[in-house]
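What follows is a set of notes on a single structure, which appears directly below.
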Amino acid sequence: QVQLVESGGGLVQAGGSLRLSCVASGLIFNRHIFGWFRQAAEIEREFEAGINWNRGGVRYGDSVTGRFTISRDDAKNSVYLQMNNLKPEDTGVYYCAAYRPAWGRPVATKSNEYVSWGQGTQVTVSS
């Protein structure tokens, strides 16, 4: 079955950086779109970034544009989220998610479009 395993979360001071990793198995990696979502208390999962398999299609949430970078390594079945200039409001559980899109559709930003999910990794940014 499909497995997505995140790692790289932790505690960091505001202005610091973290790099999250997601290793995927049980799916055709280069036919899936991957996304990163953040969930904090009392809010729905918020789209942070997504990437399709041709690397030309990336999307970012408004709050992270210019600070976060999503990338993928098809040889390692891995997706990464480089997070720079972290802010306390970036705190939350970060989930890696994936789905196989219809041809030509852009990277989805809604969580209900994503079919497979990891267990999440906690990111805490102190002020």
Side-chain angles (χ1 to χ4, degrees):
Q1 74 274 20
V2 176
Q3 275 196 315
L4 304 177
V5 180
E6 304 98 332
S7 62
L11 173 63
V12 64
Q13 288 188 331
S17 298
L18 284 173
R19 187 189 192 218
L20 305 184
S21 300
C22 172
V23 179
S25 60
L27 50 70
I28 303 173
F29 189 82
N30 62 2
R31 289 295 180 267
H32 279 73
I33 285 177
F34 289 85
W36 286 98
F37 287 79
R38 180 180 65 89
Q39 185 160 24
E42 300 180 359
I43 68 169
E44 295 184 2
R45 291 182 181 181
E46 182 176 270
F47 175 79
E48 302 292 273
I51 186 168
N52 72 12
W53 58 81
N54 65 12
R55 295 181 177 82
V58 296
R59 295 182 76 176
Y60 294 98
D62 290 341
S63 65
V64 306
T65 298
R67 299 187 298 122
F68 290 10
T69 303
I70 189 170
S71 61
R72 59 190 290 160
D73 185 338
D74 289 5
K76 296 182 178 180
N77 278 16
S78 295
V79 182
Y80 307 99
L81 186 66
Q82 178 66 42
M83 306 186 294
N84 297 329
N85 190 22
L86 282 160
K87 304 176 180 180
E89 52 263 42
D90 295 321
T91 294
V93 178
Y94 281 71
Y95 294 91
C96 176
Y99 72 101
R100 187 164 180 170
W103 181 256
R105 296 294 300 274
V107 173
T109 61
K110 296 187 183 301
S111 60
N112 61 7
E113 300 255 10
Y114 289 76
V115 175
S116 302
W117 292 82
Q119 82 289 350
T121 186
Q122 176 70 44
V123 171
T124 303
V125 184
S126 63
S127 57

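- Residue pairs meeting the side chain to side chain donor-acceptor pair (under 3.5 Å) criterion with at least one partner in residues 116-127, sequence neighbours excluded, are E6-Q119, Q122-T124.
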Criterion side-chain contact (heavy atoms from CB on, under 4.5 Å) on M83 and T69, from CA distance to verdict: CA-CA 7 Å; M83 306 186 294; T69 303; over 6 Å; no

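- Every residue two or more places apart in sequence or in another chain that forms a ring pair (Phe, Tyr, Trp, His ring centres under 6.0 Å) with F47 is listed here: F37.
- A donor-acceptor pair under 3.5 Å is absent between the side-chain atoms of R59 and the main chain of G50, judged by distance alone.
- Under the 4.5 Å side-chain heavy-atom criterion for grouping Ile, Leu, Val, Met, Phe, Trp and Tyr, V5 is not connected to Y114 through any hydrophobic cluster.
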Quick one: side chains of residues 8-36, donor-acceptor pairs under 3.5 Å with protein atoms, not counting sequence neighbours, listed by atom name and distance.
| unit_1 | atom_1 | unit_2 | atom_2 | d |
| --- | --- | --- | --- | --- |
| S17 | OG | N84 | OD1 | 2.9 |
| H32 | ND1 | I28 | O | 2.8 |

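- Residues in residues 60-93 take part in no ring-ring contact (aromatic ring centres under 6.0 Å, His included) pair, two or more places apart or across chains.
- Y99 places a side-chain N or O within donor-acceptor distance of the main-chain N or O of A108, the cut-off being under 3.5 Å.
- What you find for G92 and R38 is that their closest heavy atoms are CA-CG, 4.1 Å.
- For the salt bridge (Lys or Arg N to Asp or Glu O under 4.0 Å) condition, no pair includes a residue of residues 102-117, sequence neighbours left out.
- Not one N or O on the side chain of S78 forms a donor-acceptor pair closer than 3.5 Å with the backbone of D74.
- Partners of R100 by salt bridge (charged side-chain N to carboxylate O under 4.0 Å, His left out), not counting sequence neighbours: none found.
- Counting heavy atoms from C-beta outward, D90 and R67 have side chains that approach closer than 4.5 Å.
- Here the closest non-hydrogen pair linking N52 and V107 is N-CG2, 3.9 Å.
- The salt bridge (charged side-chain N to carboxylate O under 4.0 Å, His left out) check on E89 picks up nothing, with sequence neighbours excluded.
- Applying the side-chain hydrogen bond (donor to acceptor under 3.5 Å, both in side chains) rule to Q39 yields the partners R45; only residues at least two apart in sequence or on another chain are considered.
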